[in-house]
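First the structure, in the form of structure tokens, and then the observations on it.
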Amino acid sequence: MNKFLLLLSVILSTSVFAKKVKFAVDMTGQTISAFGVHVAGDFQVLAGYSTDWDFGGTTLTQEGTTDIYSIVVNIPAFRTYEFKFVNGDQGYEAEYVPDEVRVGYDFNDNRWMYVDSLSNDTTFMGAIQFGLTSPANKFTIRYKVDMT
């Protein structure tokens, strides 16, 4: 009975804080590497991969015959995550992230997202265009406030 309760509490505590997050990139106009399209970031260990920032470790799958590549991972909610898309499996093949969507401090040029929900849906920002700021036909607006 104690083993059952322990197992039940582990399952419940893991699922309470887990959230499905879809990472997707629009590779329209890009020549796809023979090594595939990947996403790398500080979420990988939490999603069950061996190490964070492994540029060839988290492979995205092409959605049908479109230019969209994606993956859904389970990661803890109420956290900020940094990531980049990679056309290949090496760090030098990572996208150039425009200033408007960068983390933006300490010369950090990663993309970022905050997972703020435990609802049963999947968090999805849209298929971001590789090396650009937003999904096709969408625009990024970033407000910066000088608090001095």
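Just so you know, these numbers use all the heavy atoms, side chains as well, and skip hydrogens, waters and symmetry mates. As the structure is a prediction and not an experimental result, all values here were calculated from the model.
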Do [X] and [Y] have side chains that get closer than 4.5 Å, going by heavy atoms?
X      : Y      : answer
Val115 : Tyr81  : yes
Val37  : Val86  : no
Val72  : Phe23  : no
Ile128 : Arg111 : yes

**Prompt:** If you draw a 6.0 Å radius around CG in Asn137, do more than 12 non-hydrogen atoms from other residues or ligands fall strictly inside?
**Reply:** no

**Request:** Assess whether atom CZ of Phe139 is packed by more than 12 heavy atoms of other residues, nucleotides or ligands within 6.0 Å.
**Result:** no

**Message:** Looking at Val45, is its backbone amide N or carbonyl O close enough to the side chain of Asp52 to form a donor-acceptor pair, meaning the two atoms are under 3.5 Å apart?
**Reply:** yes

In Å, rounded to the nearest 0.5 Å, how long is the span from [atom1] of [X] to [atom2] of [Y]?
X      : Y      : atom1 : atom2 : result
Phe124 : Met113 : CZ    : CE    : 10.0 Å
Trp112 : Glu82  : CH2   : CD    : 10.0 Å
Lys19  : Arg79  : NZ    : CZ    : 16.0 Å
Ser70  : Gln62  : OG    : CD    : 10.0 Å
Arg102 : Asn108 : CZ    : CG    : 9.0 Å
Leu60  : Ile68  : CG    : CD1   : 11.0 Å

Strictly by modelled atom types, are [X] and [Y] linked by a side-chain donor-acceptor pair under 3.5 Å?
X      : Y      : value
Thr140 : Glu100 : no
His38  : Thr58  : no
Asn87  : Glu95  : no

**Message:** Taking the basic N atoms (NZ, or NE/NH1/NH2) and the acidic carboxylate oxygens, is any pair closer than 4.0 Å for Asp109 and Lys84?
**Reply:** yes

**Message:** Same cluster or not: Leu46 versus Val73, using hydrophobic residues (I, L, V, M, F, W, Y) connected whenever any side-chain heavy atoms lie under 4.5 Å apart?
**Reply:** yes

**Prompt:** Under 4.5 Å between side-chain heavy atoms, hopping through other hydrophobics if needed: is there a path connecting Met125 to Phe130?
**Reply:** yes

**Request:** Check the angle between the aromatic planes of Phe55 and Trp53 and answer parallel, tilted or perpendicular using the 30° and 60° thresholds.
**Result:** tilted

**Message:** Quick one, Ile32 with Met27, criterion side chain to side chain contact (heavy atoms under 4.5 Å, CB included). Give me CA distance, side-chain angles, the key distance, then yes/no.
**Reply:** CA-CA 8 Å; Ile32 305 303; Met27 298 298 289; 3.5 Å; yes

**Asked** Which is it for Phe85 and Tyr69 under the side chain to side chain contact (heavy atoms under 4.5 Å, CB included) test, yes or no, and what are the steps along the way?
**Response** CA-CA 10 Å; Phe85 295 108; Tyr69 290 76; over 6 Å; no

**Prompt:** What's the shortest heavy-atom distance between Gly131 and Pro98, and which atoms?
**Reply:** O-CG, 3.4 Å

**Prompt:** Phe83 and Phe43: aromatic ring centres closer than 6.0 Å?
**Reply:** no

